[in-house]
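Residue numbering restarts at 1 for every chain, and letters A, B, ... go by the order of the sequence lines.
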Number of protein chains: 2
Amino acid sequence: MEKEVTIYDLAHKLEISPATVSRALQDHPAISKKTKKKIFELAEEMGYRTNNFARNLRNKNTNTIGVIVPRLDSYFMSTVIAGIENTAGNLGYQIIISQSSEQVKKEASSANTLFNSRVDGLLVSLAYDTEDLSHFDIFLKKKVPIIFFDRVTDYDGCMNILIDNRKAANEATRHLIQQGCRRLVHLTAIPKRNVYIDRLEGFKQALEEAGLPYSEDQVIIDNLSQEAGVRAAEIISKMKPLPDGVFVSNDNCATVCMITLKKMGIRIPEDIAFVGFNNDPVCKVAEPNLTTINYPGYEMGQVAARSLISHLSGAVNIHATTAITLRADLIVRASSMRIKSS
Amino acid sequence: MEKEVTIYDLAHKLEISPATVSRALQDHPAISKKTKKKIFELAEEMGYRTNNFARNLRNKNTNTIGVIVPRLDSYFMSTVIAGIENTAGNLGYQIIISQSSEQVKKEASSANTLFNSRVDGLLVSLAYDTEDLSHFDIFLKKKVPIIFFDRVTDYDGCMNILIDNRKAANEATRHLIQQGCRRLVHLTAIPKRNVYIDRLEGFKQALEEAGLPYSEDQVIIDNLSQEAGVRAAEIISKMKPLPDGVFVSNDNCATVCMITLKKMGIRIPEDIAFVGFNNDPVCKVAEPNLTTINYPGYEMGQVAARSLISHLSGAVNIHATTAITLRADLIVRASSMRIKSS
DNA sequence: TTGTATGCGTTATCAG
DNA sequence: CTGATAACGCATACAA
């Protein structure tokens with residue numbers, strides 16, 4: 001390991017004080033242009049790079065934001081991360097990522113690790129069944145801001161960034177009804193987190209608005225995996241009477257469910273129309289192409305990062321805002337087109 | 001911001017020296033069990049957390065590894081990241097992620113940022129057309145180890161973690177030939193990076209081994225997006241004679257190409273058989289299900305992280321090994337089954 | 001506009 | 001087994 005160049009080295013060589021060098025490097029107004037120029041040039045020449053540890057040790061901020069997500073390996077989440085990374089990077093922040101693997105315990109330990117890394121702020125999408133949020137208390141106590149996105153919660157005054165899941169689900173369901181569906185089914189995950197609770201709400205609401213009855217049999221709960229799609233297809237195919245419209249909380253699951261039903265001889269959308277959720281690339285591969293709710297993941301990531309960083313730089317107080325809601329529109333494709341448009 | 005608890009606070013309260021506390025906290029053998037116990041208990045009680053900046057300032061290592069990938073928002077890459085995160089986390093390392101967006105320039109600036117963050121090591125999957133690797137020189141000069149994965153290169157003695165793309169492509173192509181295909185096409189990206197070069201090689205090799213002719217018309221170069229799949233379908237459908245087998249370097253692109261051809265009335269696999277690459281979830285959604293090469297992304301991430309960290313902890317010298325090759329097997333599904341197995 | 005002096009929290013060296 | 005002390009590199013209060 002070669003020796004690093006420090007401000008002392010620069011100072012020594014220019015026969016000025018380290019303090020002046022330090023100030024110049026920060027573009028401090030009280031340093032003359034000439035001196036600054038000299039310093040910058042020498043810094044460049046000698047390959048100086050600031051030591052962030054020393055700086056952070058003094059300043060107590062890290063220019064790093066922590067991100068906790070339930071899983072990294074879904075298209076939606078990787079899109080969000082891409083958005084976060086992009087914005088954070090542009091604003092001079094780095095991101096440290098960890099995944100909870102949908103386990104509260106890992107979420108807590110991730111939170112702890114990130115806390116110990118002294119992240120300046122936290123971006124969190126909660127695990128499936130996190131109820132106790134006490135592992136985040138430490139952040140609040142130290143006034144480290146937390147923003148929840150997608151899988152959110154009411155926690156202190158922390159800001160939430162989300163879409164209106166109820167409205168989206170309502171729109172999806174209403175669309176199915178408009179297409180002539182009367183016996184609807186909603187395939188989703190256990191309604192513990194907002195996203196699933198709200199979608200179920202929206203589903204019910206649309207039924208009610210259309211004067212359609214609702215019973216619990218119309219909701220199939222599973223984990224939204226591809227396998228869940230197969231299982232759901234089995235259940236749906238045995239329902240009497242056969243449903244004529246299915247709204248699924250996840251595109252991948254929806255698609256598999258759809259093609260499994262097709263294999264059983266059920267026509268899509270004539271017998272059963274389908275609407276998914278997310279606008280995953282899989283939608284355009286499915287046959288018929290899957291109608292879905294466009295979930296703006298990349299944008300969500302950008303907004304989350306931007307909001308957090310604005311708060312950190314003092315520009316905006318995120319405690320004033322409790323939530324930012326992003327648009328999530330219905331994208332109609334063949335899987336739900338029972339009425340051919342004239 | 002409340003005051004942090006430091007080893008001084010602990011020391012003071014126990015009326016011992018900070019040095020002892022520091023040692024105890026590191027489980028130094030020269031400290032009595034009794035003393036350690038006292039210290040640990042008090043630390044717990046007072047909510048002590050080590051200040052990594054101070055520690056790093058002294059130690060000059062960060063327990064952080066940097067990751068540079070071309071894109072974050074692909075299923076394959078998010079799987080790799082998940083694997084890296086998982087292993088690194090278990091071994092006490094954090095990861096800082098940045099994406100090059102397939103641009104050399106961003107790759108270089110990411111490298112720089114990570115360098116300034118003093119990451120202990122680097123995991124890199126190269127951008128599409130990175131040729132000049134000089135932005136990594138700084139790492140080598142400081143003996144910060146770099147491991148390349150997936151999109152690799154020969155660079156100093158840096159270790160590569162990859163699959164045998166040539167072999168995989170060969171196997172894929174051979175499989176098509178075994179299924180009776182004689183007029184093969186390979187849809188891929190510009191053969192600049194190893195992955196595409198090697199796959200093309202494997203493709204050619206398989207043709208040669210089977211005594212089939214090869215001409216450049218059999219290779220379609222595009223960016224492997226879904227749109228590229230559509231474009232390729234146009235081209236393929238106009239080829240005379242029509243090809244009877246297509247090997248695509250990416251599942252998503254393959255699937256879209258396949259269904260576009262289907263819409264034109266071409267039967268899969270009877271008229272044209274398809275093999276993709278990656279084993280993306282989309283394979284099981286495609287109709288017919290897509291035959292593909294299983295690319296073990298999660299495992300690759302784990303191996304990469306483990307190798308890097310072993311090196312860092314001095315257990316293994318990665319310069320001794322130049323490459324680790326992971327298994328990547330063919331998964332046969334309906335899209336290529338022209339000969340019904342007896 | 002610049003310099004002096006000090007502390008941020010750890011760890012390691014040396015001494016006991 | 002334990003203590004005193006000196007760095008690590010930077011930023012700032014205070015002085016000049």
Regarding [X], tell me which of base, sugar-phosphate or nothing describes its non-hydrogen contacts under 4.0 Å with the strands shown.
X: A:Arg58; answer: base
X: A:Leu25; answer: nothing
X: B:Asn56; answer: nothing
X: A:Tyr8; answer: base

Of the listed nucleotides [options], the one nearest the side chain of [X]:
X: B:Ala54; options: D:dG9, D:dC10, C:dT10; answer: C:dT10
X: A:Ala19; options: C:dT2, C:dT4, D:dT2; answer: C:dT4
X: A:Ile31; options: C:dG9, C:dT10, C:dT2; answer: C:dT2
X: A:Thr35; options: D:dG9, C:dT2, D:dA11; answer: C:dT2
X: A:Arg23; options: D:dG3, C:dT2, C:dG9; answer: C:dT2
X: B:Ser17; options: D:dA4, D:dA11, D:dG9; answer: D:dA4

So does [X] get a side-chain nitrogen or oxygen closer than 4.0 Å to the phosphate oxygens (OP1/OP2) of [N]?
X: B:Lys60; N: D:dG9; value: yes
X: B:Ser32; N: D:dT2; value: yes
X: B:Ser22; N: C:dT11; value: yes
X: A:Gln26; N: D:dT12; value: yes

So for atom [atom1], which belongs to [X], do other residues, nucleotides or ligands contribute more than 12 heavy atoms lying within a distance under 6.0 Å?
X: B:Arg49; atom1: CZ; value: yes
X: A:His28; atom1: NE2; value: yes
X: A:Lys13; atom1: NZ; value: no

Using modelled atom types only, decide if a donor and an acceptor are shared between the side chain of B:Ser125 and the backbone of B:Phe149 within a distance under 3.5 Å.
yes
Result for 5'-nearest mapping on DNA chain D, choosing between B:Val21 and A:Leu57, is B:Val21
Nearest nucleotide by nearest heavy atom, which residue falls closer to the 5' end of DNA chain C, A:Pro29 or B:Thr6?
A:Pro29
Could you please spell out the steps behind the side-chain hydrogen bond (donor to acceptor under 3.5 Å, both in side chains) verdict for B:Ser78 and A:Asp73?
CA-CA 5 Å; B:Ser78 55; A:Asp73 55 358; over 6 Å; no
